Every structure is written in structure tokens, then in C-alpha cells.
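Read the structure below first, then the notes.
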Amino acid sequence: MDNSWIEKIHALAPESTSFPANKKKSILVFSLHTGFEHWVIPHTEEMLKIISEKSGAFQVTGSKDISMFEPKNLLQFDAVILNNTCSESDHRNLFWDKLRADSDADSVQLMKQALEMENNLIQYVEKGGGLMVVHGAVTTLNKSRAFSRLVGASFDYHPPQQPIQVRLVDPAHPLVQSFPKEGFNHVDEPYFYNNAYGDMDFRPLLYFDNAEIKDQRKNEQRSEGKTYLAWIRSQGKGKVMYCSPSHNAQSFENPDLLTFFLNGLQYVVGDVDCDDSPINL
């Protein structure tokens, strides 16, 4: 990540928020990975800092320290962003991975600590905290049913990167107003999901047509229907947003996507009154 890229993103970032912001909110961008390392992790954190600072709406703290998920630390923030926090493939539990790497303590005790941290995050949201989950962060606790319900899905697999025609579920929805009504073309990994995704307990914002996705898993090709790329939901008093874009730093050179992220930040901190009712109703 060089200065010219940072300067470009700063120039493209929105000057102000799309919705009124009554005070500057505090955001934690958590960027630890123990599994697959997405090259875009530092770019995503920098992008989030730029749109926050330029708009004047948010104060961003970056961290890779899992102690941030202790209740007293979470309470410092209006929202948490999980930035490509991919876990290892065996347990698919980021907290366990880090605790195990740092300690020779009994495995049962370490897993108990990991589950406590997961519960701390869920309780944080249910009591009014915001949560944004970006791209690969859907795998943070990928085998946990509780985390899958919180996010709205677990990760299944993705075909190779390819151009994707991203479409708007409802062009009139306030959070997608930055995009053309016909959607936009975007190079990314087309994620497919399982676990809580089947419940459709969220309000979708973006999707792709399954029939347009190449090189799908053998014997599981989806030639009909759609898969969602971004959605929002409420849990308790809190707000959650999942956004699959993007695997690539170049994607953030789309000013419409920068505005979408800023709109999403406003949603998860409670600045936006919009329809987040689940489509399973």
C-alpha cells in the first residue's frame, strides 16, 4: 500500500455522510487473521479510516489484540468492524486460534475463553452495539451457529475471482442510493454461504445471479436464483451489516462503494432509520 493509493482513495471518498450524524462515533476495526491472509486487509482498514475521518463522522481505532473483545473494552466503541478476520480451517474459531498460539494452557480452558469472547461480542450487539463484517470475516467463527445467526450466514466456498455483475435488491433502499440502479461490475470472489444463510433472517441489499457465476463447485452448480452479496439485520438493540466486497484494493477506487461503506457504518451505529426486516417474513 503506497501513498499514491491512499491519496487516490482520500480524493474519491465522500465529503460528508449521507444521513445526519448527531455526534462522532467510535469504531473498532479489528484486523487479526489466523487463517487465510487477504492482501487487502491493510487497504480495507485504511479505507475505513479515510471515509471516517474525511466525513468527520467516526473516530477509528485499529487493533489485532483479541483482548478488545473483553466487555470493558468493547464498551469503548459504538461499533466493531471485523476486517477479513479469517480463522484456520480446523476449528474455524479465530479466538481459539490465537489463544492456542499464545498459550500452553489446557485446551478445554482455552476453548472456554474463546466461547466467552464470542458471547461477549454477541451480547455487545444485543445490548446496542454495531457490527460490520467485511468479506472473509464471515469465517471468523464459521462453525458457530450463534455467530452464523448474528452475521446472517456462514461461509461455504467460492469459485475463482471473476467479473461479477452486482445488482441491487431494491434500488430505493436508502443504503444503496450511491449505486446506479442497474448495479455495477465488480471483480471479486463470488461467495456462497450455508448455515444461517438458509434462514434468510436479514434484509438483502446486493446480489448476483447464480447462472452468471463460472467454475462453480462440481455437482453443485447453481443455474437459477440469486446469491446475496451484502445485507443488514438487527439483533436485540444492535445492528449488523455483512458486506462481501471486496477481496481487492482496486475495488475501493469505486467512489460509489466508498459511499456504500460509509452508509453501512452509519447504519450499524444507529444513524439510519431504514427497513432491515428479514425477508423470511
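Computed from a predicted structure; not experimentally measured. We count residues from 1, following the sequence as given.
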Subject >> Near-ring test H38/H33, centroid separation under 6.0 angstrom >> reply: no
Subject >> Sequence-distant partners of K24, side chain to side chain contact (heavy atoms under 4.5 Å, CB included), two or more places apart >> reply: Q59
**OP:** Could you check whether the rings of H91 and W96 sit parallel, tilted or perpendicular, using 30° and 60° as the cut-offs?
**Re:** tilted
Subject >> Aromatic ring proximity, centroids under 6.0 angstrom, Y191 and H135 >> reply: yes
Original post:
Are the side chain of D97 and the backbone of E88 linked by a donor-acceptor contact shorter than 3.5 Å?
Top reply: yes
Original post:
Counting heavy atoms not belonging to E224, are there more than 12 under 6.0 Å from its CD?
Top reply: no
**OP:** Please check if the side chain of Q216 supplies one atom and the backbone of N210 the other of a donor-acceptor pair under 3.5 Å.
**Re:** yes
**OP:** Determine yes or no for a side-chain-to-main-chain donor-acceptor pair under 3.5 angstrom, with R100 supplying the side chain and S103 the backbone.
**Re:** yes
Subject >> Under 3.5 Å donor-acceptor, S26 side chain and F77 backbone >> reply: no
**OP:** Could you tell me whether R233 sits above the aromatic face of F202, with NZ or CZ closer than 6.0 angstrom to the six-membered ring centre and within 45 degrees of the axis?
**Re:** no
Original post:
Backbone N or O of D276 within a donor-acceptor pair of the W231 side chain at under 3.5 Å?
Top reply: no
Original post:
Got a sec, which pairs hit ring-ring contact (aromatic ring centres under 6.0 Å, His included) with one end in residues 44-76, sequence neighbours left out?
Top reply: F30-F69, F69-F95
Original post:
Would the number of heavy atoms belonging to other residues, nucleotides or ligands and lying under 6.0 Å from CG of D106 be above 12?
Top reply: yes
Original post:
Hey, does the side chain of H173 reach the backbone of L175 with a donor-acceptor pair shorter than 3.5 angstrom?
Top reply: yes
Under 3.5 Å, side-chain donor or acceptor atoms of residues 141-149 against the rest of the protein: list the pairs with distances, not counting sequence neighbours.
| from | atom 1 | to | atom 2 | distance (Å) |
| --- | --- | --- | --- | --- |
| N142 | OD1 | F155 | N | 2.8 |
| N142 | ND2 | F155 | O | 3.0 |
| K143 | NZ | D90 | O | 2.5 |
| S144 | OG | E118 | OE2 | 2.4 |
| S144 | OG | A146 | N | 3.3 |
| S144 | OG | F147 | N | 3.0 |
| R145 | NH1 | N195 | OD1 | 2.4 |
| R145 | NH2 | D199 | OD2 | 2.7 |
| S148 | OG | A153 | O | 3.4 |
| S148 | OG | S154 | N | 3.4 |
| S148 | OG | S154 | OG | 2.9 |
| S148 | OG | A196 | N | 3.0 |

**OP:** Taking Y197 for its side chain and F192 for its backbone only, find out whether a donor-acceptor pair lies under 3.5 Å.
**Re:** no
